[in-house]
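Here's the structure, in structure tokens; my notes come after.
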Amino acid sequence: MNDKFLKPYDPLETEGRIYKLWEDSGYFNPDMCIKDGVCEKDADAFSIVLPPPNVTGMLHLGHTAMLAIEDIMVRYHRMNGKRTLWVPGTDHAAIATQSKVEKLLSKEEGKRKQDLGREEFLKRVEKFANESHGTIVGQVRKIGASVDWSREAFTLDEKRSLAVRTAFKQMYDDGIIYQGLRIINWDPKGQTTVSDDEVVHQEGKGKFYTFRYSKDFPIPIATTRPETKVGDTAVAVHPDDPRYKEFIGKEYDMVFAGVPIHIQIVGDEAVEKEFGTGAVGVTPAHSAVDWEIGQRHNLPVVQVINEYGKMMVEAPELKDKKIAEARAIIVEWLKSEGLLEKEEEIPQNLATAERTGGIIEPLPKKQWFVGVNKEFTLKQSNITGIKSGEKTTLKKIMKAAVENGDTKIIPDRFEKIYYHWIDNLRDWCVSRQIWYGHQIPVWFCTFSKDGQSTPMCANPIVSIDTPKSCPHCGGTIEQDTDTLDTWFSSGLWTFSTLGWPHSAKATRGEPGPENDFANYHPTNVLETGYDILFFWIARMILMSGYLLGDVPFRTVYLHGLVRDAQGRKMSKSLGNGIDPVLMSEKYGADAVRLSLIIGTGPGNDMRLAEDKIRGYKHFANKIWNVARFVLTSIEGMDTEIAPELTSEDEDRLAQLENTISEITEDIEKYRFYLAGEKLYHYFWHTFADVIIEDSKPRLFGDDEKSKASAQWMLWTIFTNMIKALHPFMPFVTEEIWGMLPIQNKKLLLIEKWPHTTI
RNA sequence: GGGCGAUUAGCUCAGUUGGUAGAGCAGCGCAUUUACACUGCGAAGGUCAGGGGUUCAAAUCCCUUAUCGCCCACCA
């Protein structure tokens, strides 16, 4: 027996070595598995893409949980002879990464990105992203994830960039992507637009002021934002409101807080008679609702707040004042003029930008949008309920994909949440005024003179390849300086990682990366946290549905958030984060994995304390000690030929079969927490505590037949359990497997999953 | 305003299609020429948040109340 068994199991010494063994074998790559007969060329596929971690830093326990769950599925299916592919990668995470580097730049060098210029700044971001990438792949290895590194992708690399430009062009040509002027969410801190989903509402209190523009104005209005009222161009009332009906159509000129305003009274159904004064001061430039009222009544748009959150009116007392200052000045003015009728405190949600925390300012801006209600013809459709060649919309596709069961979401309550999101979905603003990301593949033809550029040709040039000059007039062209929302490129992830658009016409069946798209798309499972259901999952269904007429994955498995022992979200500022790498080094990756699997169902948040991880370290050691005992007990036994078994041993093996078949079913039905718990419980409290203890007198007794039966029974249970435990605790099981006396042994990684007769 | 989830042992949580309540950690007692002290054995600990209903049978299904948490939403 190996001397190693004389000491307790040492994960630190073992894990790096074992991972290298796996990686060197090449069996994370399905092509290699086919080549060596681990699986058949025409075996069923099991494919999964790794949700690409952001290159903003390092992995946290949420990532570890994700890697553990996915690795369980992948190892299980690989052991079952499937053509198993797990594609790894990282996400450039546009805004998140850029703002991180901006912060570093300011902290370390006291510089702003403008001081460096776009090109130099982007070099810094790339350097940062590269370092972060190195950390991340190291962590992914440490956890034992059996991803195919030969297919690693990055959302901003050349191949993915081609996919992005191809998708953009097709959407533009179909009229789905358009440029439009409307109210967008402006983040003054990040100096960019953000999408509706990137706005986070924070509960707070606000003041609700009721006032009149002037003594002579007939209708009082109410607002939480007095500073925007200098941009009002109308007052809207309900058309049936007896109090105000008679004023509809009238116009007034006044000077409000030193700013001349022109107000017309309009009747609009959107106004609620019962709320406030029953009249709305309409500010088309600084409120999405008011913008729509403005559209309906052809109201002028007067912008009074700029991109820096400062007033842009001429009145000297307000000019260049910050929003908060302007508000105070205007409230003071209202008071001094005797125009303020009421001031109350009300609960109010503050809209902030997800990444920078900046307070969102609604502003009118010309941006690029993906139209979710725009009709187009879906040429080829595999989506149930949508026929090939039928006219449809992105919204309909997204809904049909889940409603008709082409994609299932686990737990299913999230399907309802998903539908609700789609029902409320508005056009997706995809352009960002940041530097890091996929630059929009649109060029404008301009004529430059004296530093002034004027547009020449009316239509922009949208192209996959960079055009040299304007194809219409031969003039010089400039690329749109904006970049795309990071979720645009992540939306393509399931197929951009598999070679689309190049390998879209590849031959099914022939192994090799050039045929990945045909061989592995749609993917089987997408496993990720429920917090990115809208950001990512919905966008993937959108992109895949539109570009391929297919779903991106058959099943979505959502895991919960990992919280600390007190139930708080782990964060740097709280200092309560548990570092997965540190934990792996202390207790072993197997223990960390198991602690994140057991005791947590899909979609539920979990609390994790270090004690739990320690508990599973003990389990790894228990497996180790059982291995030692079994190896000692079977010395001299023939592991090839079964002896005659006692009926008790037959029963024990039947119980093993039964347990494994339950575990198999649990894994198939995505109940990993149950499978893990059953493995743990059976191995420790049935096998070790009862079966092994009972076998001791027989092993050391004189009855040779009973001894042989006991040996065979112990050996059979042990080897099958090592296999069944492997997806959950890959390192310790592979290490033990390597020391077992078995003829023509392969890596446990590619051993067959224990099949049951049941 | 709408929707969702949670409430089970001191703590953290499981409990699959309803069939006598389970684990880890903590704690208590016992055991050291034992494969394993990163151990074993044993005991203790729960009117499954409250109330009502369906059922032969409810932690599980239905209704309701409470508390906590989350998500969505253009009440100015």
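All values below were derived from every heavy atom in this structure, side-chain atoms included, with hydrogens, water molecules and symmetry-related copies excluded. Since the structure is predicted, the reported quantities are computational estimates derived from the model, not experimental observations. Residue numbers start from 1 in every chain, and the chains themselves are labelled A, B, ... in the order their sequence lines are given, proteins ahead of strands.
Counting distance only, with no hydrogens placed and no angle test, the side-chain atoms of A:Glu693 and the base atoms of B:A35 include a donor-acceptor pair under 3.5 Å.
Side-chain contact between A:Thr528 and A:Ile537 is present, with heavy atoms from C-beta onward closer than 4.5 Å.
Among the heavy atoms of the strands, none lies under 4.0 Å from A:Glu665. Among the protein residues, A:Lys622 comes within range of the nucleic acid bases, having at least one heavy atom under 4.0 Å from a base atom. Heavy atoms of A:Lys678 sit under 4.0 angstrom from at least one base atom.
Atom CZ of A:Arg182 sits about 9.0 Å away from atom CD of A:Glu292, to the nearest 0.5 Å. Rounded to the nearest 0.5 angstrom, A:Leu363 CG and A:Gln367 CD are separated by 10.0 Å.
Comparing B:C75, B:C4, B:G5 by their nearest atom to the side chain of A:Phe275 picks out B:C75. If you check B:C72, B:A76, B:C4 against the side chain of A:Arg413, the one that comes closest is B:C4. Checked against B:A35, B:A76, B:C72, the side chain of A:Ala688 finds its nearest nucleotide in B:A35. Residue A:His420 has its side chain nearest to B:C72 when only B:G40, B:C72, B:C4 are considered. Set against B:G15, B:A76, B:G24, the side chain of A:Tyr680 has B:G24 as its closest nucleotide. In the set B:G40, B:C74, B:A76, the nucleotide with an atom closest to the side chain of A:Asp689 is B:G40. Checking B:U16, B:C4, B:A35 against the side-chain heavy atoms of A:Asn625 singles out B:A35 as nearest. Closest to the side chain of A:Val626, out of B:A23, B:A35, B:C36, is B:A35. Closest to the A:Arg426 side chain, of the nucleotides B:U39, B:U16, B:C74, is B:C74. Distance from the side chain of A:Phe534 is smallest to B:C72 among B:G24, B:C38, B:C72.
Rounded to whole Å, the C1' atom of B:U54 lies 13 Å from the corresponding atom of B:U60. For the P atom pair drawn from B:U67 and B:C28, the interatomic distance equals 38 Å after rounding to whole Å. Rounded to a whole angstrom, the distance from the P atom of B:G24 to that of B:A9 is 16 Å. To the nearest whole angstrom, the two P atoms, one in B:C56 and one in B:G42, are 39 Å apart. The same atom, P, is picked in B:G40 and in B:A23; the two are 14 Å apart, to the nearest Å. Taking atom P in both B:C61 and B:G27, the straight-line distance is 36 Å, to the nearest Å. Between B:U16 and B:G22, the distance separating the two C1' atoms is 14 Å to the nearest Å. Annotation: B:G52 and B:A66 have their C1' atoms spaced 15 Å apart (nearest Å).
At least one side-chain nitrogen or oxygen of A:His618 sits closer than 4.0 Å to the OP1 or OP2 atom of B:U39. For A:Trp684, a side-chain nitrogen or oxygen approaches OP1 or OP2 of B:G40 to under 4.0 Å. Distances shorter than 4.0 Å separate some side-chain N or O of A:Tyr673 from OP1 or OP2 on B:G15. Taking 4.0 angstrom as the limit, A:Lys416 places none of its side-chain polar atoms (N or O) nearer than this to OP1 or OP2 of B:G3. The shortest distance between the side-chain N/O atoms of A:His685 and the OP1/OP2 oxygens of B:U39 is not below 4.0 Å.
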Report the C-alpha separation of A:Phe208 and A:Phe275 in whole Å, then their side-chain angles, then the decisive distance to 0.1 Å, and conclude whether the ring-ring contact (aromatic ring centres under 6.0 Å, His included) test is met. CA-CA 12 Å; A:Phe208 194 49; A:Phe275 187 81; 5.8 Å; yes
What verdict does the side-chain hydrogen bond (donor to acceptor under 3.5 Å, both in side chains) test give for A:Glu341 and A:Thr210, after you've listed the backbone C-alpha separation in whole Å, the side-chain angles of each residue and the deciding distance to 0.1 Å? CA-CA 5 Å; A:Glu341 297 184 359; A:Thr210 306; over 6 Å; no
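Classification of the A:Phe683-A:Phe619 ring pair by plane angle, with boundaries at 30° and 60°, yields perpendicular. Using a 30° and 60° split on the angle between ring planes, A:Tyr670 and A:Phe672 fall in the perpendicular class, above 60°. Relative orientation of the A:Phe256 and A:Tyr213 rings is perpendicular, given thresholds of 30° and 60° on the angle between their planes. By the 30° and 60° cut-offs, the orientation of the rings of A:Trp684 relative to A:Tyr680 is tilted.
If you measure from atom CG of A:Leu350 to atom P of B:A73, you get 15 Å, rounded to the nearest angstrom. For A:Glu677 and B:A23, the CD to C1' distance is 5 Å, given to the nearest whole Å.
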Could you write out RNA chain B as a dot-bracket string, with dots for unpaired bases, | for bases paired across to another strand, and Watson-Crick or G-U pairs counted at under 3.5 Å? (((((((..((((.....[..))))..((((.......))))......(((((..]....))))))))))))....
